[in-house]
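Written below as structure tokens is the structure these notes are about.
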Amino acid sequence: MLSILATPIGNLGDITLRAIGTLKACDAIVCEDTRVTGSLLKHLDIPKKELISCHGYSKPEKVDAIIERLQKGEHLVMVSDAGTPGISDPGYALVSRACEEGIKMEALPGASAFLTALSASGLPMNQFIYIGFPPLKKGRHTLFTSFAEEKRTIVLYESVHRIEKTLCEIADALVEQPERKIVIARELTKMYEEITHTTVSELKGIASNITKKGEFVVIVGAER
Ligand code: SAM
């Protein structure tokens, strides 16, 4: 069996009882970075477990070897460094292969940054689209321009290195909708959590003063 297990996005208290029980009971854990998962296990007081590294750059043979172990009846858990595996994180390759092979799977829900941000955004969340990280080059301008017509709330991820640039480009793309609402959620669930509510007209000013530290979710309110 393969258990797909969400881990905290910052606050280590955000792990479920079911997740802890499953981490304790499994035969081995497939993870992105063995050091990150090792620290989580240490924090949870889970004694030595086999950690199998499998990430975006792993060769297909790595996935084959994991599938073989699952077919032999082992109980493996898959985690990413933080949040829900597969959400802008590795995970898809293994889960899709496991589906093809008819392997029994279960998903253990937990934290995800985009849902955490959305739930506190105060923006309509009955319908939204999740963009993940915007493309670095090709398609970037077209994507931001398309926001002008979008009738659903838009959620995207951004790294500290590009947050200022991305906010400025969104401001340019939506310059004709100055009242459009924007929420920037930084360091969710952590000590320096910060949720900023603003509008397109103020976005460039916010962008140039934003704390260039931590992790960010950007939410653009729907066009009305
Ligand atoms: N799998 C994760 C999830 O379920 O949210 C996402 C992993 S992705 C590699 C990392 C990105 O998620 C960060 O660059 C940031 O955009 C967002 N993120 C993760 N943790 C966050 C946090 N505590 N506060 C704000 N954004 C966060």
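Counting starts at 1 for both ligands and their atoms, following the listed order.
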Stepwise side chain to side chain contact (heavy atoms under 4.5 Å, CB included) check, L41 with L51: CA-CA 10 Å; L41 295 181; L51 299 178; 3.9 Å; yes
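Residue-ligand proximity, D89 to ligand 1, at heavy-atom distances under 4.0 Å covers atoms 1 (N), 2 (C), 7 (C), 9 (C). In the vicinity of K190, heavy-atom distances shorter than 4.0 Å reach the ligand 1 atoms 23 (N).
By the 4.0 Å N-to-carboxylate-O rule, E215 lies close enough to K190 to be salt-bridged with it. In this structure, R186 does not pair ionically with E158, as no charged nitrogen and carboxylate oxygen lie closer than 4.0 Å. With respect to the salt-bridge test (charged N to carboxylate O, under 4.0 angstrom), the residues K49 and D27 do not qualify. Salt-bridge annotation for E150 and R152: present, with a side-chain N of the basic residue lying under 4.0 Å from a carboxylate O of the acidic one. Between K204 and E169 there is no salt bridge, since no side-chain nitrogen of the basic residue lies less than 4.0 Å from a carboxylate oxygen of the acidic one.
Judged by distance alone, the side chains of T189 and N11 never bring a donor and an acceptor atom under 3.5 Å apart. Counting only N and O atoms by type, the side chains of S88 and Y130 include a donor and acceptor under 3.5 Å apart. Using modelled atom types and a 3.5 Å distance limit, the side chains of T199 and S201 yield a donor-acceptor pair.
At a 4.0 Å cut-off, not a single heavy atom of G10 sits close enough to ligand 1 to count as contact. Heavy atoms of T189 come nearer than 4.0 angstrom to ligand 1 in no pair at all.
The protein atom (non-hydrogen) at minimum distance from atom 26 (N) of ligand 1 is V217 CG2, 3.4 Å. Of all protein heavy atoms, the one lying nearest to atom 24 (N) of ligand 1 is L188 N, 2.8 Å. If you check which protein heavy atom lies closest to atom 18 (N) of ligand 1, you get A113 CB, 3.4 Å. Looking from atom 5 (O) of ligand 1 to the surrounding protein, the closest heavy atom is Y157 OH, 2.6 Å. Here the protein heavy atom with the shortest distance to atom 25 (C) of ligand 1 is E215 O, 3.2 Å. The closest protein non-hydrogen atom to atom 4 (O) of ligand 1 is S112 OG, 2.7 Å. Of the protein's non-hydrogen atoms, the one nearest atom 2 (C) of ligand 1 is A82 O, 3.3 Å. Ranking protein heavy atoms by distance to atom 8 (S) of ligand 1, first place goes to S88 O, 3.4 Å.
Distance check, rounded to the nearest 0.5 Å: CD1 of I182 to OG1 of T198 gives 7.5 Å.
Environment of CZ in R35: sparse, with no more than 12 heavy atoms of neighbouring residues, nucleotides or ligands closer than 6.0 Å.
Residue F216 touches ligand 1 through its backbone alone, judged by heavy-atom distances below 4.0 Å. Contact annotation: for E187 versus ligand 1, heavy atoms closer than 4.0 Å belong to the backbone alone. Looking at I87 against ligand 1, both its backbone and its side chain come within 4.0 Å, counting heavy atoms.
When only interatomic distances are considered, the shortest N/O to N/O separation between P85 and ligand 1 does not fall below 3.5 Å. Inclusion of R186 in the set of residues having an N or O under 3.5 Å from an N or O of ligand 1 is not warranted.
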